[in-house]
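One structure is given here, and the rest of the page talks about it.
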Amino acid sequence: MFNLTLSELSQALSRGDFSSLELTQALLDRIQRLDTTYNSFITLSEEQALEQAKAADALRAAGKATALTGLPIAHKDLFCTQGIRTSCGSKMLDNFVSPYNATLVERLNQAGMVTLGKTNMDEFAMGSSNESSYYGSVKNPWDTDRVPGGSSGGSAAAVAARLVPATTGSDTGGSIRQPAALCGITGLKPTYGRISRYGMIAYASSFDQAGPMTRSAEDAALLLQAMAGEDPLDSTCSTQAVPDYSATLNDSLAGLRIGLPKEYFAEGTDPQILQRVREAISEFEKLGASVKEISLPNTQLSIPAYYILAPAEASSNLSRFDGVRYGHRCASPKDLEDLYKRTRAEGFGPEVKRRIMVGTYALSEGFYDAYYRKAQQIRRVIQQDFVAALNEVDVIMAPVTPCSAFRLGEKNSDPVSMYMEDIFTLSLNLAGLPGISIPCGFADHLPVGLQIIGNYFAEGKLLNVAHQYQQVTAWHTQAPANLSEG
Ligand code: GLN
């Protein structure tokens, strides 16, 4: 039961192999038993989960089940969940229980899904290793001496360890795709604005996007279907109609034009990763696709531009955590300034403080033109490079990360080497484009991800391309060897 995908579980529930209540109880037991090793959950919501499961079973008995009714999920701990703590991986929100649900949580609840709990993450989604969490680092199920990636590290590790068949994540610079790659699962970052961000705690608002993390593209299609679409509560959410993602999964790839950006295949990336990605691309050629080299000439500017813009937005977004309205408050403040200072000094961890300082500096008078404006100009140029490339090809393929899962602590003392992790992912966030990471083999014993990038709102195409690959390969079905099956 633990190895089944959402689609398989949905069929098993329809056949009556087991009930949602049995499934939910079995997974909660498994999490309690195994997650002491992985630390992928911050909060388990047992009571609510069992209630939701009973309600789902009743709906099914009444013939009112949808494809998602009774299926388990866990949410990254930055999506507000009514009645269940939402910590954002921070001491600042350790005591925060939201009075409302994020729109995507609400939609998945409406579809009858069962929330098992909230997953661990880098503090305020800042990081690439899940080591900045106030709740401790997450261990990669493929090798527990290594990181799962970040910031959606708990969401990725929980799916890889078969603790839950699917999770939600958020991607500001790579936080869905990079941990998906490092943990050997499927992670989709949709087009900016495809999924409502209402109730998703903001990091960098012009980049943030939610998405599904699953064990197959087919499952990602199911979840995206329920999550995507217009939301009157989020004015940045697109009003564009949501197509039927499952309907196009089996479209033929004959004639598909794939672009390979030469800057993404250059030195500096683990040769085994490049080899796995090339092997994946030859599978697509067998499926009738053609391949050509393209160029994204400003790739090397994406990290410096992102690490000005994202901290600038973060410094502004995080000013709301001041000890006045909710979250952590320091003990017996002398006056208002003391309240702000000590609350923020105590509540935020070192990486969050670093970002707030960088962002505040970049936005301050005299530096704004030199840094912020310049970075915005670079952002536009990078976006135009993608638009030009996607006029010539249907999808772009590339690695997700320059190296596979690194050791816990390995990059902790060197923020810049940690930031380099995002080299292949964050330009999509600068451009607002969708991308998917799917497993395409191993470098030694560690999973490798293939990144497929598409045009705006081409999620259906990305899922189709990923699904066709998963029909002819079995990388996505591999589980870490020493997972306890019990
Ligand atoms: N690693 C990047 C950062 O720390 C991206 C994080 C994210 O996508 N949330 O900003």
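In this text the structure is predicted, and so the values were computed from the model without any measurement. Just so you know, ligand 1 is whichever comes first in the structure, and atom 1 is the first atom listed for that ligand.
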Are any of the N/O atoms in K76 less than 3.5 Å from those in ligand 1?
->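 N/O-N/O distance under 3.5 Å: no.
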- Message: Geometry only, no angles: is D171 polar-contacting ligand 1 at N/O separations under 3.5 Å?
- Response: no
For [X], take its heavy atoms, then give the atoms of ligand 1 lying under 4.0 Å from any of them.
X: A125; value: 6 (C), 7 (C), 9 (N)
X: S151; value: 9 (N)
X: G173; value: 5 (C), 7 (C), 8 (O)
X: M126; value: 4 (O)
X: Y203; value: 3 (C), 9 (N), 10 (O)

Under 4.0 Å, heavy-atom basis, I'd like to know which part of [X] is in contact with ligand 1: side chain, backbone, both or neither.
X: F207; answer: neither
X: T172; answer: both
X: Y307; answer: side chain

Looking only at non-hydrogen atoms, the one of L426, D122, D422 nearest atom 2 (C) of ligand 1 is D422
Restricting to heavy atoms, the pick from M418, R355, E421 nearest atom 4 (O) of ligand 1 would be R355
* Asked: With under 30° as parallel and over 60° as perpendicular, where do the rings of F348 and F321 fit, or are they tilted in between?
  -> perpendicular
query: Looking at F79, does the NZ or CZ of K118 lie under 6.0 angstrom from its six-membered ring centre and within 45 degrees of the ring axis?
result: no
Geometric cation-pi criterion R379 and F207, 6.0 Å radius, 45° cone
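That pair qualifies as a cation-pi contact.
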The closest protein heavy-atom partner of atom 7 (C) of ligand 1 is S175 OG, 2.4 Å
How far is atom 5 (C) of ligand 1 from its nearest protein heavy atom, and which residue and atom is that?
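In this structure, atom 5 (C) of ligand 1 has Y306 OH, 3.4 Å as its nearest protein heavy atom.
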Pair up each side-chain donor or acceptor in residues 446-456 with any protein partner under 3.5 Å, not counting sequence neighbours, and list the distances.
{"residue": "Q451", "atom": "OE1", "partner": "R177", "partner atom": "NH1", "Å": "2.8"}
{"residue": "Q451", "atom": "NE2", "partner": "P399", "partner atom": "O", "Å": "3.2"}
{"residue": "Q451", "atom": "NE2", "partner": "F424", "partner atom": "O", "Å": "2.8"}
{"residue": "Y456", "atom": "OH", "partner": "Q383", "partner atom": "NE2", "Å": "3.2"}
{"residue": "Y456", "atom": "OH", "partner": "A431", "partner atom": "O", "Å": "2.6"}

Closer than 4.0 angstrom, basic N to acidic O: yes or no for [X] and [Y]?
X: K91; Y: D94; result: no
X: K411; Y: E421; result: yes
X: K189; Y: D171; result: no

Requested in this report: Determine whether D77 and T119 make a side-chain contact, defined as any pair of heavy atoms from C-beta on separated by less than 4.5 Å.
Outcome: no
When rounded to the nearest 0.5 Å, the distance separating SG of C88 from NZ of K76 is 8.0 Å
